[in-house]
Undergrad: 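Below is a structure I'd like to ask you about.
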Amino acid sequence: MEEPILKIRDLYYDYGNGTTALNGVSVDIYEGEKIAVIGSNGAGKSTFFLTTNGVLKPDQGEISYRGTIINKKNLKELRKNIGIVFQEADNQIIASTVMAEVGFGPMNLKLPKKEVLKRVEEALTYMNILDYKDRPPHYLSGGEKKRVSIADIIAMKSEIIIFDEPTAGLDPLNAQMLEEVLDKLGSEGKTMLISTHDVDFVYRWAERAIVFWQGKIIADGTPLEIFQNKEVLKQANLKRPTIIEVYDLLVEKHLLEDTKAYPISIQALREMLGNM
Ligand code: ADP
């Protein structure tokens, strides 16, 4: 069996105010997986992300990256390889120009200047913001800031990218732009974890969904498995994707034969109906 890129065992984290944000979280993550992390506000998703990339030190538990247990000495390696795109770009962006911002991480890796510049240019090109390189990031629009914060992580060449509610606050056009970037990163084999409340997005994008509830993982499977599990949906207060609702409704009304082959998109549903 393939070795997980990230092996997480029995993580506990308490913020010190009596809230147990993580209450025994174990999960294996494999290279190239596209994982959605779902669950209501306060379920522990962000805390899970922050402990996973070493920003927060778990009270208990163990994280192994490519077979090596993370400790104080090799923590830098973990941080370099697991990048987080934060929900609020303003909390992530620190520099006074887009170029300095995106170069900050690679500079900290003590890479040669030429390599830093190359990475910055590549990341800005990838995110289609090369023209913004001399602009102050704080005066960009929400969608543009989001691009900068993703370019930050791309320039680090992190093996795993975590996105904490990436579409929150974006308009439909920028949300679509973001999804295109996620698709592109996915097609390049990047390992990604994304927290979101958008169940339609989870259904069409993710290969695997992990459900958090009160600091624990209560379900882990394909999105279809998760969205068919009534108990999990109820416990985690999750809605079902629209397309699944529509499929079940059409079956219930005898407008579609129940093959249990749920369509992944409107187009797929249209084809199913066309065959009737
Ligand atoms: P989610 O990302 O799923 O919304 P969080 O990890 O942010 O969940 O929160 C898990 C729990 O930890 C919640 O009860 C929340 O109130 C608490 N919490 C999160 N961040 C902090 C913090 N900085 N200080 C104190 N408590 C926090």
Side-chain angles (χ1 to χ4, degrees), residues 4-30 33-65 68-72 75 78-79 81-88 91-92 153 158-169 191-199 201-203 205-241:
I5 186 166
L6 205 59
K7 198 167 167 172
I8 291 166
R9 284 294 169 275
D10 299 318
L11 288 194
Y12 286 83
Y13 191 86
D14 194 319
Y15 282 97
N17 55 2
T19 18
T20 308
L22 295 181
N23 198 5
V25 168
S26 298
V27 63
D28 286 343
I29 289 160
Y30 294 88
E33 281 194 305
K34 296 198 281 177
I35 304 176
V37 178
I38 50 184
S40 50
N41 290 332
K45 303 179 298 295
S46 301
T47 311
F48 168 66
F49 288 159
L50 293 172
T51 47
T52 297
N53 101 322
V55 170
L56 293 179
K57 187 180 177 305
D59 300 330
Q60 270 185 66
E62 201 172 81
I63 298 172
S64 307
Y65 174 74
T68 305
I69 296 177
I70 297 303
N71 54 33
K72 249 189 192 163
L75 184 64
L78 183 77
R79 290 209 182 143
N81 280 302
I82 306 183
I84 301 190
V85 176
F86 287 91
Q87 188 179 341
E88 293 289 336
N91 292 344
Q92 184 179 329
I153 306 302
S158 308
E159 294 223 28
I160 303 175
I161 307 184
I162 293 174
F163 293 85
D164 199 353
E165 293 191 35
T167 49
T191 312
M192 285 182 277
L193 285 98
I194 302 185
S195 74
T196 179
H197 295 290
D198 182 346
V199 291
F201 166 75
V202 172
Y203 184 61
W205 180 83
E207 297 162 350
R208 179 178 174 193
I210 296 174
V211 185
F212 272 74
W213 179 74
Q214 296 194 352
K216 284 185 177 157
I217 292 176
I218 58 160
D220 181 349
T222 65
L224 187 57
E225 281 163 1
I226 302 292
F227 292 122
Q228 284 181 308
N229 187 330
K230 291 203 175 82
E231 274 167 39
V232 167
L233 296 181
K234 192 165 173 231
Q235 188 176 357
N237 209 6
L238 288 169
K239 285 209 162 67
R240 298 199 312 158

Undergrad: What residues, two or more places apart in sequence or in another chain, satisfy side chain to side chain donor-acceptor pair (under 3.5 Å) together with Thr68?
TA: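 Not a single residue meets the side chain to side chain donor-acceptor pair (under 3.5 Å) criterion with Thr68.
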Undergrad: Kindly indicate, with the supporting measurements, whether the criterion side-chain hydrogen bond (donor to acceptor under 3.5 Å, both in side chains) is fulfilled by Ser40 and Asn237.
TA: CA-CA 7 Å; Ser40 50; Asn237 209 6; over 6 Å; no
Undergrad: Given side chains that start at C-beta, do those of Asn229 and Ile226 come closer than 4.5 Å, heavy atoms only?
TA: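 A side-chain contact is absent here, since even the closest heavy-atom pair is not under 4.5 Å.
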Undergrad: Are the side chains of Ile194 and Pro166 in touch, meaning some heavy atoms are under 4.5 Å apart?
TA: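 Yes, side chains in contact.
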Undergrad: Using a 4.5 Å cut-off on heavy atoms from C-beta on, say whether the side chain of Ile29 contacts that of Pro4.
TA: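 Pro4 does not reach Ile29 side chain to side chain.
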Undergrad: Closest heavy-atom contact between Leu50 and Asn53?
TA: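 Heavy-atom minimum between the residues: O-OD1, 3.5 Å.
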Undergrad: Applying side chain to side chain donor-acceptor pair (under 3.5 Å), can you list everything that pairs with Asp28, at least two apart in sequence or on another chain?
TA: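 Asp28: side chain to side chain donor-acceptor pair (under 3.5 Å) contacts with Arg9.
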Undergrad: Can you sort out the partners of Asn17 under side chain to side chain donor-acceptor pair (under 3.5 Å), two or more places apart, ordered by chain and number?
TA: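 With neighbours one apart ignored, the set is Thr19.
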Undergrad: Ignoring hydrogens, what is the shortest heavy-atom contact between Pro223 and Ala206? Give both atom names and the distance.
TA: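 Scanning both residues, the minimum pair turns out to be CG-O, 3.4 Å.
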Undergrad: For the residue pair Asn81 and Ser158, confirm or rule out a side-chain donor-acceptor distance under 3.5 Å.
TA: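 Short answer, no.
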Undergrad: List in chain and number order the residues that pass salt bridge (charged side-chain N to carboxylate O under 4.0 Å, His left out) with Asp220, two or more places apart in sequence or in another chain; answer none if no residue qualifies.
TA: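 With neighbours one apart ignored, the set is Arg208.
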Undergrad: The test is side chain to side chain contact (heavy atoms under 4.5 Å, CB included); show your working for Gln60 and Asp14 and say whether it passes.
TA: CA-CA 10 Å; Gln60 270 185 66; Asp14 194 319; over 6 Å; no
Undergrad: Counting C-beta onward and ignoring hydrogens, is there a side-chain heavy-atom pair between Ile84 and Ile153 closer than 4.5 Å?
TA: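 With C-beta onward as the side chain, the pair stays apart.
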Undergrad: Any side-chain to backbone donor/acceptor pair from Asp10 onto Gly24? Under 3.5 Å, distance only.
TA: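 Judged by distance alone, no pair lies under 3.5 Å.
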Undergrad: Where do Tyr13 and Pro58 come nearest, in terms of heavy atoms and distance?
TA: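 Result for this residue pair: CD1-CA, 4.0 Å.
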Undergrad: Let me confirm one number: the CH2-CE distance from Trp205 to Met192, rounded to the nearest 0.5 Å.
TA: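 These two atoms lie 4.5 Å from each other.
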Undergrad: Heavy atoms only: give me the nearest Phe86-Gln92 pair and the separation to one decimal.
TA: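 Phe86 and Gln92 have their closest heavy atoms at N-OE1, 2.9 Å.
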Undergrad: Do the rings of Phe212 and Phe48 sit parallel, tilted or perpendicular, given the 30° and 60° boundaries?
TA: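 Plane angle between 30° and 60°, so tilted.
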Undergrad: Phe201 and Tyr203: aromatic ring centres closer than 6.0 Å?
TA: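 Centroid separation for Phe201 and Tyr203: 6.0 Å or greater.
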Undergrad: Taking atom CD of Glu165 and atom CZ of Phe49, what is their separation to the nearest 0.5 Å?
TA: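 Reported value, rounded in 0.5 Å steps: 9.0 Å.
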Undergrad: What's the separation between atom OH in Tyr12 and atom OG1 in Thr47, rounded to the nearest 0.5 Å?
TA: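 These two atoms lie 15.0 Å from each other.
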Undergrad: So, do Ile160 and Ile5 sit near enough that their side-chain heavy atoms are less than 4.5 Å apart?
TA: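 Touching, per the 4.5 Å side-chain cut-off.
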Undergrad: Is the backbone N or O of Thr191 less than 3.5 Å from a side-chain atom of Glu33, with the two atoms forming a donor-acceptor pair by type?
TA: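 Not a single qualifying donor-acceptor pair exists.
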Undergrad: Give, for atom CZ of Phe163 and atom OG of Ser195, the distance between the pair rounded to the nearest 0.5 Å.
TA: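 With rounding to 0.5 Å, CZ (Phe163) is 11.0 Å from OG (Ser195).
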Undergrad: Could you check Ile218 against Val232 for side chain to side chain contact (heavy atoms under 4.5 Å, CB included), going step by step and ending with a plain yes or no?
TA: CA-CA 7 Å; Ile218 58 160; Val232 167; 4.3 Å; yes
Undergrad: Taking the side chain as everything from C-beta on, heavy atoms only, tell me whether Ile210 gets closer than 4.5 Å to Val27.
TA: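 Of all side-chain heavy-atom pairs linking Val27 with Ile210, at least one is under 4.5 Å.
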Undergrad: Of all residues at least two apart in sequence or in a different chain, which pass the salt bridge (charged side-chain N to carboxylate O under 4.0 Å, His left out) check with Glu88?
TA: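 Glu88: no salt bridge (charged side-chain N to carboxylate O under 4.0 Å, His left out) contacts found.
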Undergrad: Using the test side chain to side chain donor-acceptor pair (under 3.5 Å), find all partners of Asp198 that sit at least two apart in sequence or belong to another chain.
TA: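 So Asp198 forms no side chain to side chain donor-acceptor pair (under 3.5 Å) with any residue.
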Undergrad: Drop me the distance from Leu22's CG to Thr51's OG1, to the nearest 0.5 angstrom.
TA: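 Atom-to-atom, Leu22:CG and Thr51:OG1 are 5.0 Å apart.
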Undergrad: Would you mind reporting whether Ile162 and Val85 have side-chain heavy atoms less than 4.5 Å apart?
TA: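 Not touching, per the 4.5 Å side-chain cut-off.
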Undergrad: Compute whether any side-chain donor of one residue and acceptor of the other, for Glu159 and Tyr65, lie under 3.5 angstrom apart.
TA: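 Checked: Glu159/Tyr65 side chains pair up, N/O donor to acceptor below 3.5 Å.
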Undergrad: List the steps and the verdict of side chain to side chain contact (heavy atoms under 4.5 Å, CB included) for Asn41 and His197.
TA: CA-CA 9 Å; Asn41 290 332; His197 295 290; 3.3 Å; yes
Undergrad: Closer than 3.5 angstrom, by distance alone: can the side chain of Glu225 be matched with the main-chain N or O of Thr222 as a donor-acceptor pair?
TA: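 The answer is yes, because a donor-acceptor pair under 3.5 Å joins these two groups.
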Undergrad: Tell me if a side-chain donor or acceptor on Thr20 pairs with a main-chain N or O of Asn23 at a distance below 3.5 Å.
TA: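 Side chain of Thr20 to backbone of Asn23: no pair is present.
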Undergrad: Please report the shortest heavy-atom distance between Ile38 and Ala209, naming the atom on each side.
TA: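 So the two residues come closest at CD1-CB, 4.3 Å.
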Undergrad: With a 4.5 Å cut-off on side-chain heavy atoms, are Ile82 and Leu78 touching?
TA: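 Leu78 reaches Ile82 side chain to side chain.
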Undergrad: Output the distance between atom NZ (Lys45) and atom CG (Leu193), rounded to the nearest 0.5 Å.
TA: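 Interatomic distance, Lys45 NZ to Leu193 CG, rounded to 0.5 Å: 13.0 Å.
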Undergrad: Could you please spell out the steps behind the side chain to side chain contact (heavy atoms under 4.5 Å, CB included) verdict for Arg240 and Leu233?
TA: CA-CA 8 Å; Arg240 298 199 312 158; Leu233 296 181; 3.4 Å; yes
